[in-house]
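What follows is a short report on a single structure.
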Amino acid sequence: MSKNIVVLSASPRKGGNSDILCDQFILGAEEAGHKAEKIFLRDKKINYCVAL
């Protein structure tokens with residue numbers, strides 16, 4: 001049974017050790033028959049909770 005996997009990359013550096021580790025994890029997951037997607041948190045604007 002195939003799984004959908006989301007990898008959150010929080011590293012501010014493209015091509016850094018954490019980024020490479022994420023890519024290797026995704027490669028292994030895809031080789032095992034799963035679907036994986038990497039989301040870069042550095043590309044997102046994330047703010048604190050405003051309790052609305």
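All values below come from the heavy atoms of this structure, side chains included, with hydrogens, waters and symmetry mates left out.
A side-chain donor-acceptor contact under 3.5 Å links His34 to the backbone of Lys3.
Residues that satisfy the salt bridge (charged side-chain N to carboxylate O under 4.0 Å, His left out) test with Lys35, not counting sequence neighbours, are absent from this structure.
For the salt bridge (Lys or Arg N to Asp or Glu O under 4.0 Å) condition, the pairs that include at least one residue of residues 10-20, sequence neighbours left out, are Asp19-Lys38.
Leu27 CG to Ile20 CD1: the interatomic distance, rounded to the nearest 0.5 Å, is 13.0 Å. Rounded to the nearest 0.5 angstrom, Phe25 CZ and Ser9 OG are separated by 13.0 Å. Atom CD1 of residue Ile5 and atom CD of residue Glu30 lie 8.5 Å apart, to the nearest 0.5 angstrom.
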Residues 41-52 side chain polar contacts: donor-acceptor under 3.5 Å, at least two apart:
| residue | atom | partner | partner atom | Å |
| --- | --- | --- | --- | --- |
| Arg42 | NH1 | Ser11 | O | 2.8 |

